[in-house]
K.L.:
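A single structure is presented below for examination.
In what follows, every chain begins at residue 1, and chains take the letters A, B, ... in the order their sequences are listed. Remember, predicted model here, so these are calculated numbers, not experimental data.
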Amino acid sequence: MDHFEVLGTDGAARAGLLRTAHGVVETPIFMPVGTVGSVKAVAPDDLADIGAQIILGNTYHLYLRPGDELVARHGGLHGFSSWDKPILTDSGGFQVFSLSALRKVTDDGVEFRSHLDGSRHLFTPEKVIAIQRNLNSDVMMQLDECLPYGASHKDAARAVEHSARWAMRCREAYRPGAAGNLLFGIVQGVTYPDLREQSARALTDIGFEGYAIGGLAVGEPKHMMLGCLRRLHPILPADKPRYLMGVGTPLDIVHAIAEGVDMFDCVLPTRNARNGTLYTSQGKINIKRKEYAEDDGPLDPECSCYACRNFSRAYLRHLYVSKELLSFRLNSLHNLTYFLKLARGARKAILEGRFQAFKATYEAAYPDEDALFEGAGPE
RNA sequence: GGUGGGGUUCCCGAGCGGCCAAAGGGAACAGACUGUAAAUCUGUCGUCGUAAGACUUCGGUGGUUCAAAUCCACCCCCCACCA
């Protein structure tokens, strides 16, 4: 049986199934980020309760601490962290971008200075595959080079070339056996249409179990992000999953689903939860605002998460303002619930042929942000 | 009763003749956050004004000085030690 199956479409939007060694994932899906082997502030049981189907881990962070070999000795990332559902691991490509001051990119790979102790490490395509195999990742990512928005065409071309060559080496280093751990390639190219296309074609020539789109939502205008997705749509194989890395806001996700993307991950729900920004059916709210000090109502009347069922806005504000640890847990649970519900809702809407109406409800909840997507017409 | 140390903008606390509306924290009030070096970061924070600027503040009252939160006198509080 193939590892990916499209069950239905509505326009370009798709609803499908992704089969992995640790279970089946229903797409479109939002994947909570658990960089160091923990989705911050949330226990695995809580994640399962709110319907999380697959979470992320990070190659760079887990390699540095506690070390991928240690993780392997303790049951892989699943056993070590007590999460028996699927795990996708990022390759460290994003750290090429976010830790740019601490690394040097060469043709062979990326040389890092550890942000923890300054020690030097070399990440090659083969190395990141070996690490991800130690972690026993269900969905491994190739080593890629992620550049910031605004990078020159010349730099972007070089990064695309690196990423393509590294994709080949990752593919050679790992081909899934019967167990079926998967390897995804990553399309780069900043905002240059020719490079994005070139990158995608190089990857499809090699052949992967899925295709990620990286280097977006890093500051470029929204219409450029959508334009890029639209251009990739006919190039990427229809029978393989598509993963928009690091995205995004609820609206980003809804718009990207409309362009045929199946998988998402983002730190926003968890990071914003810790910083007091909560997502509701009425839009974003900052729970620390004075106006919620006496508000006895639930955070979101349309949400049935543990936080919304049991606590008032006034209490959630109090916990946040008081820096109580429970604040992190409740807020994170709520935001993750919101993102997971969005993905479930999108899937259902696609299967029922009413995705446009579904999308419109989210556009209405974030009118100001939605205006930023204007100009994303057909190319 | 004596000796010493203090009273600064909401709180703590620097300043000790002009560069002071007054450092730095905290609190408060807003904002940001997109493959997590993030329980982080940014802004505002005496009054009026978009601003330039004007005005009112450093326990109280007088005084010295071109100029005082800063120096002097007296007074009122607080703290420590001694009787």
K.L.:
At under 4.0 Å between heavy atoms, what does A:V139 touch on the DNA or RNA strands: base, sugar-phosphate, or nothing?
P.N.:
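Touches nothing.
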K.L.:
Which residue lies toward the 5' end of RNA chain B, A:R271 or A:D265, if each is placed at its nearest nucleotide?
P.N.:
A:D265
K.L.:
Considering only the P atoms, how many Å lie between B:A38 and B:A52, rounded to the nearest integer?
P.N.:
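Comparing P positions in B:A38 and B:A52 gives a spacing of 39 Å.
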K.L.:
Among B:G35, B:G31, B:C29, which nucleotide has an atom closest to any side-chain atom of A:C146?
P.N.:
B:G35
K.L.:
Check each residue of residues 183-198 of chain A for a non-hydrogen atom within less than 4.0 Å of any atom in RNA chain B, then write out the ones that pass by number, or none.
P.N.:
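Going residue by residue through residues 183-198 of chain A, the ones with a heavy atom under 4.0 Å of RNA chain B turn out to be A:I186, A:Q188.
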K.L.:
Could you work out, with salt bridge (Lys or Arg N to Asp or Glu O under 4.0 Å) as the rule, every residue matching A:D138, not counting sequence neighbours?
P.N.:
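Not a single residue meets the salt bridge (Lys or Arg N to Asp or Glu O under 4.0 Å) criterion with A:D138.
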K.L.:
Which residues, if any, of residues 88-125 of chain A bring a heavy atom under 4.0 Å of RNA chain B?
P.N.:
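Here the set is A:D90, A:F94, A:Q95, A:S98, A:L99, A:L102, A:H115.
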K.L.:
Please pick, from B:U34, B:A27, B:A38, the nucleotide with the shortest atom-to-atom distance to any side-chain atom of A:R274.
P.N.:
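Taking heavy atoms from C-beta onward, the closest nucleotide is B:A38.
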K.L.:
For A:L325, which fellow cluster members are found when Ile, Leu, Val, Met, Phe, Trp and Tyr are connected by side-chain heavy-atom distances below 4.5 angstrom, either directly or through intermediates?
P.N.:
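Direct or chained contacts put A:L325 with A:F328.
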K.L.:
Take the protein atom CG of A:N331 and the nucleotide atom C1' of B:C33, then report the distance between them rounded to whole Å.
P.N.:
15 Å
K.L.:
Scan for ring-ring contact (aromatic ring centres under 6.0 Å, His included) pairs involving residues 197-218 of chain A, sequence neighbours excluded, and state none if there are none.
P.N.:
none
K.L.:
Among B:A28, B:U34, B:C29, which is the nearest nucleotide to the side chain of A:D252?
P.N.:
B:U34
K.L.:
Nucleotides 41-46 of chain B: which of its N/O atoms have a protein N/O under 3.5 Å away?
P.N.:
none

K.L.:
B:G35 pairs with which nucleotide, Watson-Crick or G-U wobble, both distances below 3.5 Å?
P.N.:
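None - no nucleotide pairs with B:G35, as no candidate has both distances under 3.5 Å.
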K.L.:
Suppose you measure atom P in B:C79 against the same atom in B:C29; what distance do you get, rounded to whole Å?
P.N.:
32 Å
K.L.:
Give a yes-or-no answer on whether the side chains of A:D300 and A:S281 include a donor-acceptor pair shorter than 3.5 Å.
P.N.:
yes
K.L.:
Hey, does A:G215 reach any base, or is it just sugar-phosphate, or nothing, if we go heavy atoms under 4.0 Å?
P.N.:
base
K.L.:
Which residues satisfy the side-chain hydrogen bond (donor to acceptor under 3.5 Å, both in side chains) test with A:R73, sequence neighbours excluded?
P.N.:
none
K.L.:
When both hydrogen-bonding distances must be under 3.5 Å and the geometry is Watson-Crick or G-U wobble, what is B:A83 paired with, if anything?
P.N.:
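The base-pairing partner of B:A83, which may sit in any strand shown, does not exist here.
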K.L.:
When the distance from CG of A:N275 to C1' of B:C33 is rounded to whole Å, what number comes out?
P.N.:
7 Å
K.L.:
Just list the side-chain donor-acceptor pairs under 3.5 Å for residues 342-349 of chain A, sequence neighbours left out, or say none.
P.N.:
unit_1: A:R347; atom_1: NH1; unit_2: A:G16; atom_2: O; d: 2.6
unit_1: A:R347; atom_1: NH1; unit_2: A:T27; atom_2: O; d: 2.8
unit_1: A:K348; atom_1: NZ; unit_2: A:E352; atom_2: OE2; d: 3.3

K.L.:
Give the nucleotide from the list B:C33, B:G35, B:G31 with an atom nearest to the side chain of A:K284.
P.N.:
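Closest nucleotide to the A:K284 side chain: B:C33.
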K.L.:
Parallel under 30°, tilted from 30 to 60°, perpendicular over 60°: which one fits the rings of A:F339 and A:F30?
P.N.:
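Rings of A:F339 and A:F30: tilted, 30 to 60°.
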K.L.:
Roughly how far apart, to the nearest Å, are B:U8 and B:G46 at atom C1'?
P.N.:
13 Å
K.L.:
How far, in whole Å, is B:U9 from B:G53 if one measures between their P atoms?
P.N.:
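Their P atoms lie roughly 27 Å apart.
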K.L.:
Give a yes or no on whether a donor-acceptor pair under 3.5 Å exists between the nucleobase atoms of B:G35, that is its base, and the side chain of A:D144.
P.N.:
yes
K.L.:
In whole angstrom, give the distance that lies between atom CD1 of A:I257 and atom C1' of B:U34.
P.N.:
15 Å
K.L.:
Does any nucleotide pair with B:C10 by Watson-Crick or G-U wobble geometry, both distances under 3.5 Å, and what is it?
P.N.:
B:G26
K.L.:
Could you pick out which residue, A:V247 or A:H61, lies toward the 5' side of RNA chain B when each is mapped onto its nearest nucleotide?
P.N.:
A:V247
K.L.:
In this structure, is the centre-to-centre distance between the rings of A:H223 and A:H255 below 6.0 Å?
P.N.:
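Between A:H255 and A:H223, the centre distance exceeds or equals 6.0 Å.
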K.L.:
What pairs with A:N136 under side-chain hydrogen bond (donor to acceptor under 3.5 Å, both in side chains), at least two apart in sequence or on another chain?
P.N.:
A:N181
K.L.:
With P as the reference atom in both, quote the distance from B:G59 to B:C16 in angstrom, rounded to an integer.
P.N.:
16 Å
K.L.:
Tell me what A:S327 touches on the nucleic acid: a base, only sugar-phosphate, or nothing, going by heavy atoms under 4.0 Å.
P.N.:
nothing
K.L.:
Establish, with yes or no, whether the OP1 or OP2 oxygen of B:U34 is under 4.0 angstrom from a side-chain nitrogen or oxygen of A:N272.
P.N.:
no
K.L.:
For A:Y366 and B:C33, give me the distance from atom OH to atom P, rounded to whole Å.
P.N.:
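Roughly 13 Å, once rounded to whole Å.
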K.L.:
Could you check which of B:A27, B:U34, B:U36 has an atom nearest any side-chain atom of A:K40?
P.N.:
B:U36
K.L.:
Going by salt bridge (Lys or Arg N to Asp or Glu O under 4.0 Å), name the residues that satisfy it together with A:D205, two or more places apart in sequence or in a different chain.
P.N.:
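Testing A:D205 for salt bridge (Lys or Arg N to Asp or Glu O under 4.0 Å), a comparison that skips the adjacent residues, returns none.
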K.L.:
Is it true that the side chains of A:E324 and A:H318 contain a donor and an acceptor less than 3.5 Å apart?
P.N.:
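Judged by distance alone, the side chains do not pair up.
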K.L.:
Can a donor-acceptor pair be found between the side chains of A:N272 and A:Y279 at a distance below 3.5 Å?
P.N.:
yes
K.L.:
Identify whether the distance between the nearest side-chain nitrogen and carboxylate oxygen of A:D108 and A:R169 falls below 4.0 Å.
P.N.:
yes
K.L.:
Who pairs with A:E145 by side-chain hydrogen bond (donor to acceptor under 3.5 Å, both in side chains), at least two apart in sequence or on another chain?
P.N.:
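Applying side-chain hydrogen bond (donor to acceptor under 3.5 Å, both in side chains) to A:E145 gives A:H162.
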K.L.:
Atom CG of A:L62 and atom P of B:A37: how far apart are they, to the nearest Å?
P.N.:
12 Å
K.L.:
Which whole-number value in Å describes the distance from A:I213 CD1 to B:U34 P?
P.N.:
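Atom CD1 in A:I213 sits about 19 Å away from atom P in B:U34.
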K.L.:
OP1, OP2 of B:C29 versus side-chain N and O of A:R317: anything below 4.0 Å?
P.N.:
yes
K.L.:
Distance check, P atoms only: B:C11 and B:A28, in whole angstrom units.
P.N.:
15 Å
K.L.:
Please determine if a side-chain N or O atom of A:K290 lies less than 4.0 Å away from the OP1 or OP2 oxygen of B:C29.
P.N.:
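Answer yes for this pair, as a side-chain N or O of A:K290 is under 4.0 Å from OP1 or OP2.
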K.L.:
Counting heavy atoms from C-beta on, name the nucleotide in B:A39, B:G31, B:G35 closest to the side chain of A:N286.
P.N.:
B:G31
K.L.:
Please state how far atom CE in A:M140 lies from atom P in B:G35, giving the value in whole angstrom units.
P.N.:
22 Å
K.L.:
Could you give the distance separating B:U40 and B:A51 at their P atoms, to the nearest angstrom?
P.N.:
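Those two atoms are separated by 32 Å.
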K.L.:
Tell me which pairs pass salt bridge (Lys or Arg N to Asp or Glu O under 4.0 Å) where either residue lies in residues 43-65 of chain A, with sequence neighbours left out.
P.N.:
A:D46-A:R329
K.L.:
When you compare B:A27 with B:C10, how far apart are their C1' atoms, in angstrom units rounded to a whole number?
P.N.:
8 Å
K.L.:
For B:G46, what is the paired nucleotide under Watson-Crick or G-U wobble rules, both distances under 3.5 Å?
P.N.:
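Its partner is B:C55.
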K.L.:
Can you figure out which of B:U36, B:A27, B:U34 approaches the side chain of A:L268 most closely?
P.N.:
B:U34
K.L.:
Atom CD of A:Q142 and atom C1' of B:G35: how far apart are they, to the nearest Å?
P.N.:
12 Å
